[in-house]
Amino acid sequence: MFEQDPATPPSRHRIHAYIDVVVVVVVLAGTNLIAHFTTAWASIVTVPVAAAALLAMMRSRGLGWSELGLSPRHWRRGSLYALGAVGVVLAIVAVGAALPLTQPFFLADRYATISGALIASMIVIPLQTVIPEELAFRGVLHGTLHRAYGARGVFAAGSLLFGLWHIASSLGLTTSNRGLSDMIGGDLAGRVAGVLLVVAATAAAGVVFTWLRHRTGSLLAPIALHWSLNGAGALAAAVVWHITLT
């Protein structure tokens, strides 16, 4: 927790903590809208820029490196959990990509080529999605929520907000993923069901990311798990497309 100025009443600190949460949530909501509903360049740079701005803003508000999950003293523990998380996910993805029953769920159009999947997995996903999102959610939002509401607030509100964050990016999911389209349909009802499914899945993932952050005190483990889910999934999609087309 943060140090209180003896001259400042505890209620004043609590109000400041609530304000910080509101500011972070409003910035994240605006960032999401700009990134998904404006220009192509905005979709590339908005989230990383907003994450960096939030980090600088909340550092100026007094959040310490430990509260943000960026303290070097937690790197060792974070690295160990990161390796374990990546290993588990890689094994699950490999099995899923190999089974005929689950292969269709890997057929996302944007990862139809090996070269495109490699660029996405190693460059776009880490720099544009995983690292900035983890800085924003498990770093800044985690720190501000913990100050205001404690661990329960972090798990509940942080995970829910992470799920809602993915509404915009999931609007066309059922039309670009063969497995989901076959399962729930590509009409309006199917698209709505797809969005709700993504929100529920990413909120659940947010709980796991938050647990790793809470358990290790570091962003390394949630970053590694987040990348392995997205990055390994992209590579597996390209492999499945290659197998399907040959």
Side-chain angles (χ1 to χ4, degrees), residues 35-36 40 43-44 47-48 78-134 137-138 162-163 165-187 190-191 193-209 211-212 219-246:
H36 290 97
S43 68
I44 295 172
V47 177
S79 299
L80 293 174
Y81 274 79
L83 290 173
V86 171
V88 170
V89 171
L90 290 180
I92 293 173
V93 169
V95 171
L99 293 176
L101 180 65
T102 52
Q103 277 184 352
F105 293 100
F106 288 88
L107 295 176
D109 293 342
R110 55 184 169 173
Y111 303 130
T113 65
I114 297 291
S115 59
L118 280 171
I119 293 173
S121 178
M122 301 303 171
I123 299 174
V124 177
I125 288 173
L127 298 181
Q128 187 179 329
T129 302
V130 172
I131 294 175
E133 284 187 3
E134 291 307 312
F137 281 90
R138 258 61 63 181
F162 189 63
W165 169 265
H166 288 84
I167 290 177
S169 62
S170 64
L171 292 177
L173 183 64
T174 54
T175 58
S176 63
N177 186 291
R178 185 182 300 179
L180 279 176
S181 181
D182 291 343
M183 183 176 71
I184 60 180
D187 56 3
R191 292 196 296 272
V195 171
L196 294 176
L197 183 63
V198 169
V199 170
T202 50
V207 173
V208 179
F209 295 156
W211 180 84
L212 285 171
L219 289 184
L220 291 177
I223 285 175
L225 178 58
H226 196 160
W227 174 83
S228 61
L229 290 169
N230 291 21
L235 294 174
V239 172
V240 172
W241 271 114
H242 182 73
I243 293 172
T244 303
L245 297 175
T246 55

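Hydrogens, waters and symmetry mates play no part in the numbers below; they use all other heavy atoms, side chains included. These numbers were taken from a predicted model, which means no experiment stands behind them. Throughout, numbering of the chain's residues begins at 1 and tracks the sequence.
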### Inter- and intrachain pairs under side-chain hydrogen bond (donor to acceptor under 3.5 Å, both in side chains), touching residues 200-209, at least two apart
none

If you look at every heavy atom in [X] and [Y], which pair is closest and at what distance?
X	Y	value
Pro48	Pro132	CA-CB, 3.7 Å
Gly206	Arg138	CA-NH1, 4.0 Å
His166	Val198	CB-CG1, 3.9 Å
Ser170	Ile167	OG-O, 2.9 Å
Ala82	Leu220	CB-O, 3.9 Å
Leu219	Glu134	CD2-O, 3.8 Å

Could you list the donor-acceptor pairs under 3.5 angstrom formed between side-chain atoms of residues 113-122 and any protein atom two or more places apart in sequence or on another chain?
{"from": "Thr113", "atom 1": "OG1", "to": "Gly116", "atom 2": "N", "distance (Å)": "3.1"}
{"from": "Ser121", "atom 1": "OG", "to": "Gly231", "atom 2": "O", "distance (Å)": "3.2"}

Enumerate donor-acceptor pairs with a distance under 3.5 Å from any side-chain N or O in residues 85-106 to protein atoms, sequence neighbours excluded.
{"from": "Thr102", "atom 1": "OG1", "to": "Gly96", "atom 2": "O", "distance (Å)": "2.5"}
{"from": "Thr102", "atom 1": "OG1", "to": "Leu99", "atom 2": "O", "distance (Å)": "3.4"}
{"from": "Gln103", "atom 1": "NE2", "to": "Ala97", "atom 2": "O", "distance (Å)": "2.9"}

### Query
CG of Leu229 to CD1 of Ile125: how many Å apart, nearest 0.5 Å?
10.5 Å

#### Entry: Distance (rounded to the nearest 0.5 Å) between Ser228 OG and Leu83 CG
11.0 Å

### Query
Is the backbone of Ser43 close enough, under 3.5 Å, to the side chain of Gln128 for a donor and an acceptor to pair up by distance?
yes

### Task
Indicate the ring-plane relationship of Phe209 and Phe162, choosing parallel, tilted or perpendicular according to the 30° and 60° boundaries.
perpendicular

